[in-house]
Enquirer: 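Let me give you the structure first, and then I'll get to my questions.
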Amino acid sequence: MILCRWFQYLLLFGVLSPTMPLSAQICNGQLGTNIFPDGDFGTGTAVIPGTDPGIAPGYNYVTNPPPNDGSYCLTNNMAGWDQDFGWLNPNDNSPNPLGYMMVVNASYDPGLFYERTIGGLCENTRYVFSADIFNLMSPDANNAIQPNLSFLIDGQVRYNSGNVPNNASWITYGFEFTTDPGQTSITLALRNNAPGGYGNDLCLDNISFRPCGPFVQIMPISAEVFCEDDGPLLIQAVLSGTNYPNPAFQWQVSRNGVLYTDIPGADS
């Protein structure tokens, strides 16, 4: 049974959301819209926002970069920093030149460096939890410690990134899971597993939480023109994927493209 509005729109009207490369690896179907917009850390004109966002338990927020071990900051431009750590200067992983990313100088002791609770979830529904990670150490830093992250849900480790290579590239890590019956909120967390010291420094961006539904095509695909006096036009919803072995259907109609109402009996 598909109960949530996201899936209604996906199934009924063929609203297809763009997919990120991760979908081909994890989501056997189609990724929906990210329901966690705070995960891109926002935008702003200040190189480093002056207010601690309070998202890293046990870490200190700094406004005078670079952050030392056990500290972090948000920034939209590392190129102007006065730092001698040998870090690279990546841009925020988006087209927005003012977009913020999170820069973390991992603590000597492994522990959480990101934690947030989100609500408004659909119960008994598949989601993909992912994040973009950039190893700040130069590719020629052969002896540098590589970041190694665990993804937690409600305090339980559900996925591990393995060592994040220092290849001067953003890499998307993530996994798929299903919410429990009656579960409408979760706590997301990221944990540092590697020790501090030379290396284990990273940027974090685009933490996302996206529903994973079946791929939908509304047939006919080509545009059809018909008049009021013409015969009926057959419209079919074609699903592919193994997300739901027995999905429920409910067709709806809209006369203004905004408000949709159920068509009685149109459930096949």
Side-chain angles (χ1 to χ4, degrees), residues 2-10 17 20 22-23 26-27 31-44 48-62 67 70-75 92-94 99-107 109-134 147-161 164 172-193 202-213 243:
I2 298 174
L3 300 175
C4 281
R5 175 62 57 180
W6 181 88
F7 287 107
Q8 286 183 343
Y9 281 111
L10 180 65
S17 302
M20 58 183 179
L22 186 68
S23 62
I26 296 181
C27 180
L31 285 172
T33 302
N34 179 25
I35 63 172
F36 186 51
D38 293 346
D40 67 1
F41 305 110
T43 64
I48 295 180
T51 303
D52 182 356
I55 55 178
Y59 275 66
N60 297 316
Y61 184 76
V62 299
S71 300
Y72 79 104
C73 68
L74 302 185
T75 187
D92 166 83
N93 197 25
S94 78
Y100 288 123
M101 57 187 172
M102 182 179 180
V103 178
V104 181
N105 191 332
S107 172
D109 297 319
L112 297 182
F113 64 85
Y114 183 88
E115 187 175 51
R116 289 293 297 272
T117 298
I118 63 172
L121 307 183
C122 300
E123 61 178 312
N124 197 29
T125 298
R126 291 189 181 185
Y127 286 93
V128 170
F129 174 19
S130 66
D132 296 344
I133 302 171
F134 189 104
N148 185 298
L149 283 66
S150 288
F151 290 60
L152 291 80
I153 295 178
D154 293 334
Q156 300 296 316
V157 175
R158 304 292 293 272
Y159 172 79
N160 188 274
S161 69
V164 180
T172 300
Y173 293 91
F175 68 102
E176 181 182 336
F177 75 101
T178 302
T179 51
D180 295 328
Q183 184 178 25
T184 58
S185 67
I186 65 170
T187 298
L188 310 178
L190 295 172
R191 188 180 71 194
N192 163 46
N193 297 319
L202 59 101
C203 288
L204 182 68
D205 203 7
N206 300 327
I207 300 171
S208 66
F209 196 72
R210 306 174 70 178
C212 172
N243 306 72

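Note that the structure is predicted; figures quoted are calculated from it, not measured. Residues: numbered from 1 along the sequence shown.
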Enquirer: If every non-hydrogen atom of Cys73 is compared with every non-hydrogen atom of Pro67, which pair is closest and at what distance?
Expert: SG-CD, 4.3 Å
Enquirer: Kindly indicate, with the supporting measurements, whether the criterion ring-ring contact (aromatic ring centres under 6.0 Å, His included) is fulfilled by Phe151 and Tyr159.
Expert: CA-CA 5 Å; Phe151 290 60; Tyr159 172 79; 5.2 Å; yes
Enquirer: With side-chain contact (heavy atoms from CB on, under 4.5 Å) as the criterion, how do Ile55 and Asp38 come out once you've worked through the C-alpha distance, each side chain's angles and the decisive distance to 0.1 Å?
Expert: CA-CA 11 Å; Ile55 55 178; Asp38 293 346; over 6 Å; no
Enquirer: Please determine, by modelled atom types, if Tyr72 and Asp52 share a side-chain donor-acceptor pair under 3.5 angstrom.
Expert: yes
Enquirer: Take Tyr173 and Val164 through the test side-chain contact (heavy atoms from CB on, under 4.5 Å) and record every step on the way to the result.
Expert: CA-CA 10 Å; Tyr173 293 91; Val164 180; 3.9 Å; yes
Enquirer: Rounded to the nearest 0.5 Å, what separation is found between the OG1 atom of Thr187 and the CG atom of Asp154?
Expert: 5.0 Å
Enquirer: Is Glu123 reaching over with its side chain to a backbone N or O of Gly182, donor-acceptor style, under 3.5 angstrom?
Expert: yes
Enquirer: Once you round to the nearest 0.5 Å, how far does CG of Leu190 lie from CG of Leu152?
Expert: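 It is 8.0 Å, given to the nearest 0.5 Å.
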Enquirer: Of the non-hydrogen atoms in Ala56 and Met102, which two are nearest, and what is the gap between them?
Expert: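 So the minimum-distance heavy-atom pair works out to CB-CE, 4.0 Å.
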Enquirer: So Asn93 and Met101, do their side chains get closer than 4.5 Å, heavy atoms only?
Expert: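 Sidechains of Asn93 and Met101: no contact.
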Enquirer: For Phe113 and Val104, work out which heavy atoms get closest and say how close.
Expert: CD1-CG2, 4.0 Å
Enquirer: Would you sort out whether Ile153 and Phe175 count as a side-chain contact (heavy atoms from CB on, under 4.5 Å), showing the intermediate values?
Expert: CA-CA 11 Å; Ile153 295 178; Phe175 68 102; 3.6 Å; yes
Enquirer: Are Asn105 and Val103 packed together at the side-chain level, in the sense that at least one heavy-atom pair is separated by less than 4.5 angstrom?
Expert: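 The answer is no, as the side chains (C-beta and beyond) never meet within the 4.5 Å cut-off.
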Enquirer: Roughly how far apart are Ser150 OG and Gln156 CD, rounded to 0.5 Å?
Expert: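 Result: 11.5 Å between the selected atoms.
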Enquirer: Please name all residues satisfying side-chain hydrogen bond (donor to acceptor under 3.5 Å, both in side chains) with Thr178, sequence neighbours left out, ordered by chain then number.
Expert: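 Listed in chain order: nothing, the list is empty.
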Enquirer: Looking at Gly32 and Arg210, what are the two nearest heavy atoms and their distance?
Expert: O-NE, 2.8 Å
Enquirer: Do Thr51 and Tyr61 come within less than 4.5 Å of each other through their side chains, counting heavy atoms only?
Expert: no
Enquirer: Minimum heavy-atom separation for Leu188 and Phe129, please, with both atom names.
Expert: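 It is CB-CZ, 3.9 Å.
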Enquirer: Report yes if the side chains of Asn34 and Phe209 come closer than 4.5 Å at any heavy-atom pair, otherwise no.
Expert: yes
Enquirer: How long is the span from the OG atom in Ser130 to the CG atom in Leu31, to the nearest 0.5 Å?
Expert: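 Atom-to-atom, Ser130:OG and Leu31:CG are 8.0 Å apart.
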Enquirer: Do Asn192 and Tyr59 have side chains that get closer than 4.5 Å, going by heavy atoms?
Expert: yes
Enquirer: Under the salt bridge (Lys or Arg N to Asp or Glu O under 4.0 Å) test, which residues partner Asp180, sequence neighbours left out?
Expert: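 Testing Asp180 for salt bridge (Lys or Arg N to Asp or Glu O under 4.0 Å), a comparison that skips the adjacent residues, returns none.
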Enquirer: Can you list the residues that meet the side-chain contact (heavy atoms from CB on, under 4.5 Å) rule with Thr179, with sequence neighbours excluded?
Expert: Leu121, Thr125, Tyr127, Phe177, Gln183
Enquirer: Are the side chains of Leu204 and Ile133 in touch, meaning some heavy atoms are under 4.5 Å apart?
Expert: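 Touching, per the 4.5 Å side-chain cut-off.
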Enquirer: Taking atom types as modelled, is there a side-chain donor on Ser208 or Asn206 under 3.5 Å from an acceptor on the other?
Expert: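 Distance-only check fails for Ser208 and Asn206.
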Enquirer: Contact between Ser94 and Asp40 at the side-chain level, heavy atoms closer than 4.5 Å - yes or no?
Expert: no
Enquirer: For a quick test of reading the model, state the closest non-hydrogen atom pair linking Asn193 to Pro110 and the distance between them.
Expert: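 Heavy atoms of Asn193 and Pro110 come nearest at O-CG, 3.6 Å.
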